[in-house]
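Here is the structure we will look at.
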Amino acid sequence: MIRENKCLTQKYVAGDELSRSLYVKVERGEVMPSFIKFQSILQRLNLGYDEFFFLHDSYSLKDRELIIKDFKKVSYNTSLFVIRGIERRCTKYLMTENDVLIRDIHTICEGLVFLKNQQVQKAKQHVKQIWERLSKQDHLYYLEIILLKNILFLFDLDITEEMVKRSIKELEMYEALYETAELQVSVLVNYSYLLIRNEDIEKAMKVLQFGKELCASKKRPDLVCDIYFYKAICCYISRKKYLYNYYLKEVLQIICLVSNPEKVEEVMAELAIFVSSEEISKVKGKYEKLKKIQMKFEL
């Protein structure tokens, strides 16, 4: 038990908010405390909400939290295998729980599958209901921005630009509570993808540069992989071969460094949309060469 491990008495944890007898019932699970009383107990235990529930669940995340955690990492270049995996987990979870957020994540994953299969109109129609609900709110909250970043393809580009600016700005307000840089970069990367698909390469490069500067300001160089990847694609389309090779090499080096085979597959699959099969073979060769060099250093 947390209280006993911390060598705290029931009287101390009860504090002024609860009587000792009421606290004993809370500890035994016989009474559910109000939010104010629960907050007071956590303060006395010197615990945050997330840590308390993490400890309560035996140092593990529940299915719901795991789904949210993995969906947060999803972007338009995430593989179908990963997206369908999250979709299946949502389906299983929803068989026993009625959860609006998980239902939304499930719907968006289905929409992303349509999008991956080039069924753009079907994807838009599928996720439209989520935006119709979110658009009525004056303020977007953290979890809703996680949803929004993966339905940006629903809007015209001028509306998308406003939604991106709004999301980045509102995420700044959560910095004291969450690590927001990863989500901000994901929003920008998804927006740049849409700009590239609409052949606005110049604007896409500006958005990606802003993302790079954001990573630098928040001291998160680990987040530049996707930024460099889409910069490489922009340079390939613009026929700036030197810069294309430079950014692509940076991407491959990062992937080698973190030893992430799934990321390799995602990069190759996304790259295949924009470049020739011959170029894909060359890129695979470069990656294998970098891997061999890394293995020599490790030995």
Side-chain angles (χ1 to χ4, degrees), residues 72-79 112 115-116 120 145-146 148-172 175 179-258 260 262-275 279-280 283 286-287:
K72 183 180 172 183
K73 299 175 186 175
V74 169
S75 62
Y76 293 153
N77 67 350
T78 300
S79 69
L112 289 173
L115 191 67
K116 287 278 187 181
V120 180
I145 295 173
I146 293 175
L148 180 66
K149 78 181 177 74
N150 282 320
I151 60 171
L152 290 175
F153 65 84
L154 180 62
F155 315 113
D156 293 330
L157 282 178
D158 55 341
I159 298 174
T160 302
E161 183 175 8
E162 290 305 312
M163 295 312 302
V164 168
K165 288 178 180 177
R166 181 179 170 187
S167 297
I168 297 296
K169 185 178 179 180
E170 298 210 22
L171 281 171
E172 294 289 346
E175 282 197 330
E179 167 53 62
T180 60
E182 186 174 359
L183 187 50
Q184 287 175 313
V185 169
S186 187
V187 169
L188 293 169
V189 165
N190 280 1
Y191 179 37
S192 70
Y193 170 87
L194 296 175
L195 289 168
I196 292 168
R197 295 307 297 262
N198 281 273
E199 301 180 356
D200 195 342
I201 305 303
E202 184 179 352
K203 195 163 190 176
M205 284 295 279
K206 287 180 180 178
V207 170
L208 292 166
Q209 183 59 30
F210 176 68
K212 183 183 175 184
E213 291 166 2
L214 188 147
C215 289
S217 68
K218 295 181 183 289
K219 297 179 174 58
R220 291 295 305 273
D222 55 304
L223 298 177
V224 298
C225 187
D226 284 342
I227 291 172
Y228 281 162
F229 174 70
Y230 282 112
K231 276 197 167 194
I233 288 175
C234 287
C235 292
Y236 182 88
I237 294 170
S238 304
R239 299 186 180 182
K240 297 175 181 176
K241 192 170 182 180
Y242 172 77
L243 286 174
Y244 161 72
N245 286 324
Y246 167 77
Y247 285 122
L248 193 61
K249 185 178 179 181
E250 291 291 312
V251 171
L252 297 177
Q253 285 177 330
I254 292 169
I255 294 172
C256 276
L257 188 64
V258 298
N260 188 347
E262 286 183 2
K263 189 66 178 177
V264 178
E265 292 177 12
E266 287 179 5
V267 164
M268 296 303 172
E270 190 68 15
L271 198 59
I273 297 172
F274 300 95
V275 307
E279 180 60 26
I280 291 292
V283 174
K286 290 176 182 176
Y287 174 70

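Only this structure's heavy atoms are used, side chains among them; waters, hydrogens and symmetry mates stay out. Every value quoted in this text rests on a predicted model; they were computed, and no experiment measured them.
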- prompt: So which pairs with a foot in residues 152-165 pass side-chain hydrogen bond (donor to acceptor under 3.5 Å, both in side chains), sequence neighbours left out?
  reply: Glu161-Lys203
- prompt: Is the backbone N or O of Asn77 less than 3.5 Å from a side-chain atom of Glu270, with the two atoms forming a donor-acceptor pair by type?
  reply: no
task: Could you walk me through whether Glu170 and Ile145 pass side-chain contact (heavy atoms from CB on, under 4.5 Å), step by step?
output: CA-CA 9 Å; Glu170 298 210 22; Ile145 295 173; 4.1 Å; yes
message: Just so I know, are the side chains of Glu172 and Thr180 near enough to count as touching, which here means a heavy-atom distance under 4.5 Å?
response: no
- prompt: Do side-chain atoms of Asn190 reach the backbone of Lys149 as a donor and acceptor pair under 3.5 angstrom?
  reply: yes
- prompt: Hey, is NZ on Lys286 packed in by over 12 heavy atoms from elsewhere, all under 6.0 Å?
  reply: yes
field: Verdict with reasoning, Val251 to Ile254, per side-chain contact (heavy atoms from CB on, under 4.5 Å)
entry: CA-CA 5 Å; Val251 171; Ile254 292 169; 5.8 Å; no
- request: Kindly indicate whether the side chain of Cys235, heavy atoms from C-beta on, has any atom under 4.5 Å from the side chain of Met205.
  value: yes
- request: Could you tell me whether Glu179 atom CD has more than 12 heavy atoms of other residues or ligands within 6.0 Å of it?
  value: yes
field: Asp226 with Lys263: basic N within carboxylate O range, under 4.0 Å
entry: yes
- prompt: Would you say Tyr191 and Met163 make side-chain contact, with heavy atoms under 4.5 Å?
  reply: no
query: Who passes side-chain contact (heavy atoms from CB on, under 4.5 Å) against Val283, sequence neighbours left out?
result: Tyr244, Leu248, Leu252, Met268, Leu271, Glu279
statement: For Gly211 and Ile227, the nearest pair of non-hydrogen atoms, with its separation, is C-CD1, 3.4 Å
- prompt: Has the side chain of Tyr287 got a donor or acceptor atom that lies under 3.5 Å from a matching backbone atom of Cys256?
  reply: no
message: My understanding is that only residues two or more places apart in sequence, or in another chain, count here; which of them pass side-chain hydrogen bond (donor to acceptor under 3.5 Å, both in side chains) with Lys72?
response: Tyr142
field: Sub-4.5 Å side-chain heavy-atom contact between Tyr230 and Tyr193
entry: yes
- request: Give a yes or no on whether a salt bridge exists between Lys231 and Glu250, defined as a side-chain N under 4.0 angstrom from a carboxylate O.
  value: no
message: Looking at Ser192 and Val189, would you say the former's side chain and the latter's main chain have a donor-acceptor pair under 3.5 Å?
response: yes
message: Run Tyr236 and Lys241 through side-chain contact (heavy atoms from CB on, under 4.5 Å) and show every step you take.
response: CA-CA 6 Å; Tyr236 182 88; Lys241 192 170 182 180; over 6 Å; no
message: Rounded at 0.5 Å granularity, tell me how far CG in Asn150 sits from OG in Ser75.
response: 7.0 Å
query: In Å, rounded to the nearest 0.5 Å, how long is the span from CD1 of Ile233 to CD1 of Ile196?
result: 5.5 Å
Gap separating the SG atom of Cys234 from the CZ atom of Phe274, nearest 0.5 angstrom: 8.5 Å
Distance, nearest 0.5 Å, that separates CD of Gln184 from CG of Leu223: 10.0 Å
field: Side chains of Leu208 and Phe229 in contact at under 4.5 Å (non-hydrogen atoms)
entry: no
task: Please answer whether the main-chain N or O of Glu182 pairs with a side-chain N or O of Ser186 as donor and acceptor at a distance below 3.5 Å.
output: no
- prompt: Under 6.0 Å from the NZ atom of Lys116, do we count more than 12 heavy atoms belonging to anything else shown?
  reply: yes
statement: dist Leu152:CG -> Leu195:CG (nearest 0.5 Å) comes out at 10.0 Å
task: Using a 4.5 Å cut-off on heavy atoms from C-beta on, say whether the side chain of Glu213 contacts that of Gln209.
output: yes
message: Rounded to the nearest 0.5 Å, what separates atom CD1 in Ile255 from atom CD in Glu266?
response: 9.0 Å
